[in-house]
Participant: 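Structure provided below as structure tokens; questions to follow.
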Number of protein chains: 2
Amino acid sequence: MRMSVTIRQIAVKAGVSRGTVDRVLNDRPGVKPHVREKVMAIAEELNYVPNAAAKALAFSKKPLHVGIIMPPREIEFFQEIRDGIEEAADELKGFGIQLEYCYVSNQNPEEGAAVIRKLVEDGVNGIMFSVMDDDLIRLSINQAVDSGVPVITFNSDVEQSKRICFVGQNLPQSGRIAAGLMARVLRSPSKVLVVAGHLSIYAHRARVKGFGDHLSGSGIDIVQVIEGYDRFEDTYEKLKEALTRYPEIEGIYMATGHIGACMDVVKGMNRPNRYRIIANDLMPEVEQGMREGLIDFTIVQNPAQQGYRSIRMLYELILNGKMPEQQYYYTETSIVIPESL
Amino acid sequence: MRMSVTIRQIAVKAGVSRGTVDRVLNDRPGVKPHVREKVMAIAEELNYVPNAAAKALAFSKKPLHVGIIMPPREIEFFQEIRDGIEEAADELKGFGIQLEYCYVSNQNPEEGAAVIRKLVEDGVNGIMFSVMDDDLIRLSINQAVDSGVPVITFNSDVEQSKRICFVGQNLPQSGRIAAGLMARVLRSPSKVLVVAGHLSIYAHRARVKGFGDHLSGSGIDIVQVIEGYDRFEDTYEKLKEALTRYPEIEGIYMATGHIGACMDVVKGMNRPNRYRIIANDLMPEVEQGMREGLIDFTIVQNPAQQGYRSIRMLYELILNGKMPEQQYYYTETSIVIPESL
DNA sequence: CTGTTAGCGCATTCAG
DNA sequence: CTGAATGCGCTAACAG
């Protein structure tokens, strides 16, 4: 097949120099409107597509700098996201990409906002953000984007902001999948319990809602939704009380919340028929629970893929100015059982 | 951070020219042994990493040509693999990669062998292969590899050949996962049936074996393994007969084989309690069966990922001479339920 | 055997 | 406003 069309070819065809073509293609000033149009037209006609290698090479004196803002590294879940980021970065390393991780507490919006501003001042070419959703944060993100630094959110979105796009899980679907599984392992008239962290947080609520909606009319009833505030004590007490009060409960959906506490309660219940338990993600406690035969299914959101895709999209955007086509990119939601481990 | 080390830097440090360094780094002949060693040492010391962009750019006059040999495009499953291949190719397109698809019947080894030879003669830089396993094929693959054209098998391996590596599914694991699911949806003493295509084919046998092994001692018995030879008639008759003879059967594992026939039989059985059915892959018949509520689970092997990874590994190998670390690359095996669709 | 040189396609000066 | 020239890191062809 033919070599693909180069900037030079369109230059000769347009009767201008390569420099001019470059200016047009990259939306830089200093080209007379009619020349610009002509060049554009020819580029379209020839179906010009820039050579990524050449571009990267030319860029390589000034390496691409991207800032990554996420919760403290102790959080296991984010470690997996990092793995995905690193994988993508490895593939792009030859092209001079430079990552700067900034760990920020999930509790303090001011800190997050400050870090964004600092990165922008330092001249990063793009930002990946995954901390909390807050007005202060929203403001900083908007300022960054306005000043030309693209921001992509991942795993947890900052809604109503000017962030370019969000890469994460389809939460209601993960709730529906949990419901589908529950309906398959339990026989029809039966009762289940739901455990969540904070129902005031969108991510937590969305799963519970997806679960409930899908189950309604199926003959499987949700007797209670427990809110444990991600604390051991609250979760433990409330769950224990509920299970004691409703001995007919056969299944538990742990949408979010303190898994350790749930496991402890379940172990202590000492029932003839074990509970059917469905969890989310693959934190160590969940994996442990699966190996012990306590947890039947866990629904995972492919954290590595979230990291991988975020970086790649940002890279594409920065280097080629290619805007993502969608606002929301959902990573695959999949089901894990002990045999999958 | 510092710019990464270039060929020129190691050249000055070694007191030789860039050409020589290039020769050493790429294992090309024409360098005195002691010079070669010195250069190698310095490269190690400086922790030299080639610049992928520059490499790709320099190569771009002579585009990378890879041949892809797979079954006819009508087969839905392979279409998904193609999607993965195309995705990777898109990412590498800027780097001048050129795909040539060759569709070959799964029945005729001679054709496959001939295509391999033809591709090698045409001077492809690498081959991806996924048709049948046969001595003739093995021979052609070995010849290709010996003459310097790397071959990677995907989805279905050619064992005992010199192919660089295999990218595909962990078949026994997929059988075990099916068993795990079956054990969770059925209560303990119960009976199930297995449907397969050809038990003489490794891929088919491996799943059945994984399923059986994992179920042994669980209280769930396999009353029969049906071999349908991927034909409607055989599958239909045998399955119907078995289900009629053993009305106590509660679950069916469709490891491989003619899904359409299975669906027809099941629909015709008219039972009060529906069967619990587990299938593999996401062919249209399976998707249909799931939507109709006949199939509970299907175990998928991420065909797109198989294509994606194969291409990337081949690219790495050709461009950077980086041999894969393993012989077998298993793609993620995941579980799909109707709610995941 | 080894050094030199001319591109690969693009971004980015610096002159006009 | 536009053209020409230079270099990114590497390969390959050509001189020595």
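Only this structure's heavy atoms are used, side chains among them; waters, hydrogens and symmetry mates stay out. Letters go in sequence order (proteins before strands), and every chain restarts at 1.
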Participant: Less than 3.5 Å apart, any donor N or O on the side chain of B:Q79 or B:D83 sitting next to an acceptor on the other?
Facilitator: yes
Participant: Is there a salt bridge (Lys or Arg N to Asp or Glu O under 4.0 Å) between B:R18 and B:D22? Walk through the geometry before answering.
Facilitator: CA-CA 6 Å; B:R18 341 231 262 330; B:D22 182 67; over 6 Å; no
Participant: Treating primed atoms plus P, OP1 and OP2 as sugar-phosphate and everything else as base, which nucleotides of nucleotides 10-16 of chain C get B, S or - for protein heavy atoms under 4.0 Å?
Facilitator: BSB----
Participant: Give a yes/no verdict on a cation-pi contact between A:R163 and A:Y328, requiring under 6.0 Å between NZ or CZ and the six-membered ring centre and an angle within 45° of the axis.
Facilitator: yes
Participant: It should be established whether A:T20 places a side-chain nitrogen or oxygen under 4.0 Å from OP1 or OP2 of nucleotide D:dG3.
Facilitator: yes
Participant: By salt bridge (charged side-chain N to carboxylate O under 4.0 Å, His left out), which residues pair with A:R36, not counting sequence neighbours?
Facilitator: A:D27
Participant: What salt bridge (charged side-chain N to carboxylate O under 4.0 Å, His left out) pairs are there with at least one residue in residues 307-316 of chain A, not counting sequence neighbours?
Facilitator: A:E91-A:R312, A:R312-B:E91, A:E316-A:K322
